[in-house]
Amino acid sequence: MDQLFRAFRVHQDESGFRSGVEHLNVSTLPDADVTVKVHYSSVNYKDGLASIPEGKIVKTYPFIPGIDLAGEVMASRDTRFQPGDRVLCTGYGLGVSHEGGFAEVARVPGDWLVALPEGLTAREAMAIGTAGFTATLSVRRLLDNGLAPGQGPVLVLGATGGVGSMAVAILSRLGFAVTAVTGKPEAREKLTAFGAAEVLSREEAASGAKGVLGKERWAAIVDPVGGAMTADLLKSVQYGGSVALSGLTGGGAIETSVYPFILRGVNLLGIDSVFCPEPLRHQLWKLLAGDWKPERVLTAGVTEYPLEQLPEALNTVLAGKAVGRQVISFIN
């Protein structure tokens, strides 16, 4: 297949680190079962790390980042997919060890693809993306561990970010009273629009968490932040409550004690959306197209960029200034 396409590519060689939009030939893409014409991608924190030399995400160069994509099948050796099928891809090695979604064309294994469910457009799927899928998996794990409306407020950390904003919208839609935590006071109105019943600063959320255990405040916590904040807030989870931990922007270490676990039966749930098993992955995307669709963020919390403005979007997410979701459009 001799065809040129645009892609954002990063290089690191004897000339140093550089990145930008290039024209490439489809024949240079890795061999994989399905060739996809990409309509939209999205910008996640991991993508930001892939765009800088110290990010420690990309192992081989040159490379096309982008851990999400949605579009239309162009060619397929996998009998499950035919030209014209609408598909999405998140997780696995996409944009990390396998050329990613910041390109007009991508080749991926069929096992990585999900048929775009009815009720979702490609743009909406990418506004959700890995961040929204991680939020959905977090909520699912909390429900599986006994969370139900009426037990008390659910705390969402990093609420203006991709995982946090989607978690606020999904939990609110499911009938939970959501307390959103943010370091951006100017984002209070936006978080309320996403569905938060209350918005707190980080200091307000962690107040009363001194000593071995604090007052029981939170029925559950969605935590894409990690670090010291996680350790503090574990002390304030209600008896039998759970913390769904999916990120490390606040740090990779948690210094805590056993007391929340052995005196209150608190559950610390690890959330990994990258290798989420295929049956659950398909089930969650169907929920996102239906009863769990995060309409409030999809309506009011999405910023769209053309590929040429991707560096601006990457800088925004790395600086922690993104509110809601950022999508990259390849639709001319």
Side-chain angles (χ1 to χ4, degrees), residues 40-51 55 57 65-70 88-92 94-96 100-102 114 120 122-142 156-173 178 180-182 184 187 190-191 194-196 221-226 244-250 270-276 281 284-285 287-289 292-305 310 313-328:
Y40 290 92
S41 185
S42 67
V43 181
N44 302 276
Y45 187 71
K46 188 180 286 187
D47 298 317
L49 293 177
S51 72
I57 295 293
I67 64 172
D68 296 337
L69 64 83
L88 66 90
C89 182
T90 65
Y92 300 102
L94 188 71
V96 176
F102 291 155
V114 173
L120 273 186
R123 185 182 188 277
E124 288 173 331
M126 289 297 93
I128 294 168
T130 286
F133 185 75
T134 301
T136 307
L137 184 56
S138 298
V139 173
R140 173 62 181 268
R141 290 289 305 281
L142 292 174
V156 176
L157 303 184
T160 58
V163 177
S165 61
M166 286 290 173
V168 169
I170 293 168
L171 286 163
S172 173
R173 176 160 184 165
V178 181
V181 179
T182 182
K184 305 182 182 75
K190 180 72 77 173
L191 289 171
F194 291 166
I221 299 175
V222 175
D223 182 1
V225 176
L245 176 62
S246 63
L248 47 60
T249 56
I271 304 300
D272 169 51
S273 64
V274 174
F275 295 107
C276 177
R281 183 181 293 269
L284 293 180
W285 276 109
L287 285 173
L288 282 164
W292 289 27
K293 192 172 183 179
E295 297 275 13
R296 293 188 174 192
V297 176
L298 296 179
T299 300
V302 181
T303 305
E304 183 175 314
Y305 297 85
L310 175 59
L314 293 168
N315 290 336
T316 298
V317 76
L318 282 173
K321 295 180 178 179
V323 176
R325 297 288 285 142
Q326 301 181 100
V327 299
I328 305 302

S.K.: Does a donor on one side chain sit under 3.5 Å from an acceptor on the other, for Arg325 and Ser165?
M.R.: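 Ser165 and Arg325 do not have a side-chain donor-acceptor pair below 3.5 Å.
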S.K.: Let me confirm one number: the CG-SG distance from Asp68 to Cys89, rounded to the nearest 0.5 Å.
M.R.: 8.0 Å
S.K.: Take Ile128 and Leu120 through the test side-chain contact (heavy atoms from CB on, under 4.5 Å) and record every step on the way to the result.
M.R.: CA-CA 10 Å; Ile128 294 168; Leu120 273 186; 3.9 Å; yes
S.K.: Provide the closest heavy-atom pair for Thr130 versus Gly91 in the form atom of the first, atom of the second, distance.
M.R.: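 Reported closest heavy-atom pair: OG1-N, 4.1 Å.
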S.K.: Give me the atom names and distance for the closest heavy-atom approach of Trp285 to Ala125.
M.R.: CH2-O, 3.7 Å
S.K.: Going from CG on Leu88 to CE on Met126, what distance comes out if it is rounded to the nearest 0.5 angstrom?
M.R.: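 If I round to the nearest 0.5 Å, the distance is 5.5 Å.
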S.K.: Restricting to non-hydrogen atoms, name the atom on Leu288 and the atom on Pro294 that form the minimum distance, rounded to 0.1 Å.
M.R.: CD2-CD, 4.0 Å
S.K.: What closest approach, in Å, do Val156 and Gly164 show between heavy atoms, and which atom pair accounts for it?
M.R.: CG1-O, 3.5 Å
S.K.: How are the rings of Phe275 and Tyr92 set relative to one another: parallel (under 30°), tilted (30 to 60°) or perpendicular (over 60°)?
M.R.: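 Rings of Phe275 and Tyr92: perpendicular, over 60°.
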S.K.: For the pair Thr160 and Lys190, evaluate side-chain contact (heavy atoms from CB on, under 4.5 Å) and give the outcome as yes or no after the intermediate values.
M.R.: CA-CA 8 Å; Thr160 58; Lys190 180 72 77 173; over 6 Å; no
S.K.: Which pair of heavy atoms, one from Leu94 and one from Gly66, lies closest together, and at what distance?
M.R.: CG-O, 3.5 Å
S.K.: Could you tell me whether a side-chain N or O of Asn44 sits under 3.5 Å from a main-chain N or O of Asp47, the two making a donor and an acceptor?
M.R.: no
S.K.: Taking all heavy atoms of Val222 and all of Ser138, pick out the closest pair and write down the distance.
M.R.: CG1-CB, 4.3 Å
S.K.: I would like to know whether Val139 and Arg173 meet side-chain contact (heavy atoms from CB on, under 4.5 Å); could you show each step before the answer?
M.R.: CA-CA 12 Å; Val139 173; Arg173 176 160 184 165; over 6 Å; no
S.K.: Just verifying a value: how many Å separate Tyr45 OH and Ile57 CD1, rounded to the nearest 0.5 Å?
M.R.: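 One gets 9.5 Å once the value is rounded to the nearest 0.5 Å.
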S.K.: Which distance, rounded to the nearest 0.5 Å, do you find between the CD of Glu124 and the OH of Tyr40?
M.R.: 10.0 Å
S.K.: Using atom types as modelled and distance alone, determine if a side-chain donor or acceptor of Gln326 lies under 3.5 Å from a backbone N or O of Val43.
M.R.: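 It does not hold such a pair.
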S.K.: Would the distance check show the side chain of Ser172 and the main-chain N or O of Ala169 forming a donor-acceptor pair, the cut-off being under 3.5 Å?
M.R.: no
S.K.: Keeping the roles fixed (side chain from Lys184, backbone from Gly320), state whether a donor-acceptor pair exists under 3.5 Å.
M.R.: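 Checking the backbone N and O of Gly320 against the side chain of Lys184, a donor-acceptor pair under 3.5 Å is found.
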S.K.: How long is the span from the CZ atom in Phe102 to the CD1 atom in Ile328, to the nearest 0.5 Å?
M.R.: 6.0 Å
S.K.: Find out whether Leu310 and Ser51 are in side-chain contact, i.e. whether some heavy atom of one side chain is under 4.5 Å from a heavy atom of the other.
M.R.: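 The answer is no, as the side chains (C-beta and beyond) never meet within the 4.5 Å cut-off.
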S.K.: Has Arg281 got a side-chain atom pairing as donor or acceptor with Thr90's backbone, closer than 3.5 angstrom?
M.R.: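 Judged by distance alone, yes, a pair lies under 3.5 Å.
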S.K.: Mind running side-chain contact (heavy atoms from CB on, under 4.5 Å) on Arg123 and Val302 for me, showing each step along the way?
M.R.: CA-CA 10 Å; Arg123 185 182 188 277; Val302 181; 3.8 Å; yes
S.K.: How long is the straight-line distance from CZ of Arg141 back to OG of Ser246, given to the nearest 0.5 Å?
M.R.: 11.5 Å
